[in-house]
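A short worksheet on the structure shown next.
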There are 4 protein chains.
Amino acid sequence: MGTKSKDGVRRRMPREVRERQMLDAAVVGFARHGYQAASMDEIAEQAGVSKPLVYLYLKSKEDLFTACLRRERAALVEAVRGGTQERQVSAEQQLWKGLCAFFAHTAARPDGWAMLHRAATQGEPFADEVAGMRAEITELVRLLLSRAAEDAGCDSEFAEREVSGLAHAMVGAAESLAEWANAREGDAPSAKETAATLMNFCWTGLGRMTEGARWSPHR
Amino acid sequence: MGTKSKDGVRRRMPREVRERQMLDAAVVGFARHGYQAASMDEIAEQAGVSKPLVYLYLKSKEDLFTACLRRERAALVEAVRGGTQERQVSAEQQLWKGLCAFFAHTAARPDGWAMLHRAATQGEPFADEVAGMRAEITELVRLLLSRAAEDAGCDSEFAEREVSGLAHAMVGAAESLAEWANAREGDAPSAKETAATLMNFCWTGLGRMTEGARWSPHR
Amino acid sequence: MGTKSKDGVRRRMPREVRERQMLDAAVVGFARHGYQAASMDEIAEQAGVSKPLVYLYLKSKEDLFTACLRRERAALVEAVRGGTQERQVSAEQQLWKGLCAFFAHTAARPDGWAMLHRAATQGEPFADEVAGMRAEITELVRLLLSRAAEDAGCDSEFAEREVSGLAHAMVGAAESLAEWANAREGDAPSAKETAATLMNFCWTGLGRMTEGARWSPHR
Amino acid sequence: MGTKSKDGVRRRMPREVRERQMLDAAVVGFARHGYQAASMDEIAEQAGVSKPLVYLYLKSKEDLFTACLRRERAALVEAVRGGTQERQVSAEQQLWKGLCAFFAHTAARPDGWAMLHRAATQGEPFADEVAGMRAEITELVRLLLSRAAEDAGCDSEFAEREVSGLAHAMVGAAESLAEWANAREGDAPSAKETAATLMNFCWTGLGRMTEGARWSPHR
DNA sequence: GATGAATGAGTCTTCATTCAT
DNA sequence: TATGAATGAAGACTCATTCAT
């Protein structure tokens, strides 16, 4: 139980390393059980460390959770931003790259993503942190949609509020797809496949909207 | 504290009524704090009943949660089904009606919806129940999309798997929009507005897909 | 262990009674070990109750301590006041009665007194409560000394500050004597004996002071 | 953090010096928080040393406390003895000198005195040590009082037990006054003033007692 | 039908103390 | 000499749950 050297004694490790191990274990625990149900005992054991050490390094359960949150959030945002940063390409291409990066990341770090996703529905203490992340990503998407509209020569009628709603829908759809893709074992679709599904789903509609067309219930 | 008659004595009420009060209180508690953080004490007090009575009627916290889940699930599914049941109309119209019903319901019972939504990320004991509901709704959507494809004379190329993904994306988008709409205070959009946003977003793309067109990264 | 009925089952008791038992046990615990070292587990066991009940009724260790403090303080102050209340008699007689009452009380409730005494040197949270009690008693003594001076036709030279110091000395001496008397087992002096010791010690000096005489190091 | 030389490296210091630093820090800690609440972490940090070093030098918290106790006790007793040692002068003058020395010392080392004073109400482990000190000082006073009685030609009626009580009262009064004097900020009385207050208070009474007079409640 | 009284089991958190270097 | 790394043991506190009336 825990990281041991060859002669069965637990190794001393630099703080940095141990801290990473703890965060790793914590992410798994929080992802699987949620904030409340996750137990510090289990996390410590999973990290191969005694509980006091966890408290020495990470102060409290709340702080530990926040630290995990921040790390995973940073990793995710960076991944998504990475695909969106090239200024040369069109908004369409950027969105595509971003989606690919998103699905690749969520597939590569399923526990990290699960934790972030669950965190959205945990209690107040983390509302801000989580809302912040969601806002960050949604804003990213909103900007892209907005720019796509501009590229298409769309006038200001394509109001802020409408784009906002679309961005939220998009993010929700992406999250749901990520969950769905991760849930499959064996025949999980590739990140690109999933991203393509989403692009297929919405891009045309978005294009038509920029042209001023609106869907209406009457016919 | 609690429901009292004019002379200060707690009223004896038929089981049915008391049970509803408990479920109501529980839904609020679970919605606001999540399963783990919600406390039986608080729920009992909120329901105006002593704790032992809650246990007498609902057996355990887990059972109470499940009961809430089932009730809210049934209400939501029924609401959505209501808009989709008319066999005469087109799949498009049915989807539209269903979305309207969904957003209307989530707006009318925010706590119920919040609980269902949170439940999706609570621990294992309820995974089945919640997954069941999600599957039920997703299946509903999947059928509609499938039928829309058929209506459009689309052949079987529009494979099961692709539609499945779309249905998940759709449901995720709807959930996200519902959350977004509920979060707004004051200028919350109407159910129809929200539904229209979503239809705009996806319906055209869906149409094009049924025609065999696919979005592709290369141009 | 704990209060049991004849058939070995722990009895249900009205809250009031149980609360008193808890306070009794807590006073003993706090008196013997001090605030920090006293354990809630031990207190609960001593009271013949489970820990949660202690928390249900008394909220927290700090609150429990405060409750004990208040109860013992009230009892002590009332006891001392009782001997001092008769307005007819001289200050001298009142002081005498007060001292007798004080020593009688501290002898009758050694744990209560020990707790109060220890509390004076526990940490900040209780500083106010304890300081308040000390101030209350010291003020009582100060008034008596002041009045004794008046009775002796002493002018205002017998300044406030000087009386204040005397009152503190008096209280300190009394506390020390109480401790000393309680520590003896077997040949403990009676309350009256102890009170007489103190009166002997200080009353003449006090009298001379009111006449304007002062002790001085030079002869 | 800690004593560092100019180039930022912690200085190697002779054991003696380090040990003094630790005791100094410990006295402050124990004085402020009491034995239980004082933390070894804080003490080590305050001393500018790592915790293992504290354990290397002082073995355990209990030993550390005892060491502090002994040091402060020795310092206090020596200070008081210093004023009492001259055999030439009268018991009265010796008592006066002793009191002056006591109040001067407690004012000069408030933390040391606070620690000693608090120690009197800490748990069993130190009861002996503390009782020892109290006994030492009380005995000192008792001897003086006894000698004063002798000087006054008082016969053995002035029984041992009576003097014992008086000594305890005296010590208690002195402690209380020391506390009271230390608590004042700004207008704190000088050691001599405080000592004079106490002499005024008791010396006359003591004189009368040696003459056989006794205070009695009946007139 | 309804509840005040009561608890077993478990959680987070802290602290004095010791290795290994 | 001196310390960063690490932990066993214990304490405060809470919660779902049940008895006895």
Side-chain angles (χ1 to χ4, degrees), chain A residues 2 5 9-15 17-19 36-44 48-62 64, chain B residues 2 9-15 18 36-44 48-57 59-64, chain C residues 2 5 9-15 17-18 36-44 48-62 64, chain D residues 2 9-15 18 36-44 48-57 59-62 64:
Chain A
S5 64
V9 177
R10 208 158 277 167
R11 275 252 193 71
R12 307 272 164 132
M13 312 185 64
R15 178 176 180 140
V17 177
R18 270 281 138 87
E19 217 166 304
Q36 298 274 355
S39 114
M40 292 299 271
D41 268 299
E42 193 188 310
I43 290 173
V49 183
S50 72
K51 234 188 323 170
L53 201 60
V54 178
Y55 278 89
L56 185 63
Y57 286 175
L58 285 139
K59 224 73 185 164
S60 75
K61 194 184 189 183
E62 207 171 310
L64 174 57
Chain B
V9 178
R10 211 156 283 188
R11 278 237 201 77
R12 306 253 163 158
M13 309 184 66
R15 172 165 186 148
R18 276 266 190 264
Q36 296 276 354
S39 106
M40 293 299 271
D41 269 298
E42 194 188 309
I43 290 173
V49 182
S50 74
K51 244 188 316 174
L53 202 59
V54 178
Y55 280 88
L56 187 62
Y57 285 179
K59 209 68 185 168
S60 76
K61 194 185 190 183
E62 210 172 308
D63 285 6
L64 174 57
Chain C
S5 65
V9 179
R10 210 157 277 171
R11 276 254 193 70
R12 307 274 165 131
M13 312 185 65
R15 177 177 180 140
V17 177
R18 270 279 137 85
Q36 297 274 355
S39 112
M40 293 298 271
D41 269 298
E42 191 188 310
I43 290 174
V49 184
S50 72
K51 231 187 326 171
L53 201 59
V54 179
Y55 279 90
L56 187 62
Y57 285 176
L58 285 141
K59 224 71 183 166
S60 75
K61 194 184 190 185
E62 206 171 311
L64 173 57
Chain D
V9 177
R10 210 157 283 188
R11 278 238 201 79
R12 306 253 163 159
M13 311 184 67
R15 173 164 185 149
R18 276 269 191 262
Q36 296 277 353
S39 106
M40 292 299 271
D41 269 297
E42 194 188 307
I43 290 174
V49 182
S50 74
K51 245 187 314 174
L53 201 59
V54 178
Y55 278 88
L56 186 62
Y57 284 179
K59 209 70 184 167
S60 76
K61 194 186 190 184
E62 211 172 306
L64 173 57

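Within every chain, numbering begins at 1; the chains are lettered A, B, ... in the order of the sequence lines, protein sequences first and strands thereafter.
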Report task. Measure from the side-chain heavy atoms of Val49(D) and tell me the nearest of dA2(F), dT3(F), dA6(F). Result -> dT3(F)
**Report entry** Which atom of Ser50(A) lies closest to which atom of Ala44(A), heavy atoms considered
**Finding:** C-CB, 4.1 Å
Query raised in the report: With respect to the phosphate group of dG4(E), does any side-chain polar atom (N or O) of Arg18(C) fall under 4.0 Å of OP1 or OP2?
Result: no
**Report entry** Approximate separation, where rounding is to 0.5 Å, of Lys61(B) NZ and Leu64(B) CG
**Finding:** 9.0 Å
Query raised in the report: Taking only residues two or more places apart in sequence or in another chain, which ones pass side-chain hydrogen bond (donor to acceptor under 3.5 Å, both in side chains) with Glu42(B)?
Result: His33(B)
Query raised in the report: Base, sugar-phosphate, or nothing for Arg15(C), non-hydrogen atoms under 4.0 angstrom?
Result: sugar-phosphate
Query raised in the report: Roughly, in whole Å, what's the span from CG in Leu56(A) to P in dG8(F)?
Result: 15 Å
Query raised in the report: Considering all heavy atoms of both residues, which atom of Leu56(B) and which atom of Arg15(B) are nearest to each other, and what is their separation?
Result: O-NH2, 4.4 Å
Requested in this report: Find the distance Ile43(A):CD1 to dT13(E):P and express it as a whole number of Å.
Outcome: 11 Å
Query - Interatomic spacing from CZ in Arg18(A) to CE in Met13(A) - rounded to 0.5 Å - result: 5.5 Å
Requested in this report: Provide, to the nearest angstrom, the distance between the CE atom belonging to Met13(C) and the C1' atom belonging to dT7(E).
Outcome: 17 Å
Report summary line: Any stem touching DNA chain F, meaning at least three consecutive Watson-Crick or G-U pairs under 3.5 Å, ordered by first number, would be E:2-21 with F:2-21
Report summary line: Separation of dT17(F) atom P from Leu53(B) atom CG, nearest Å, is 15 Å
Query raised in the report: What string of B, S and - do you get for nucleotides 9-14 of chain F, 5' to 3', if B is base contact, S is sugar-phosphate-only contact and - is no contact with any protein heavy atom under 4.0 Å?
Result: ---BBB
Query raised in the report: Of the nucleotides dA2(E), dA5(F), dA6(E), which one has an atom closest to the side chain of Tyr57(A)?
Result: dA5(F)
Query raised in the report: For Arg12(A) and dT21(E), is the shortest distance between a side-chain N/O and OP1 or OP2 below 4.0 Å?
Result: no
Query raised in the report: Rounded to whole angstroms, how far apart are CD on Glu42(B) and P on dC15(F)?
Result: 10 Å
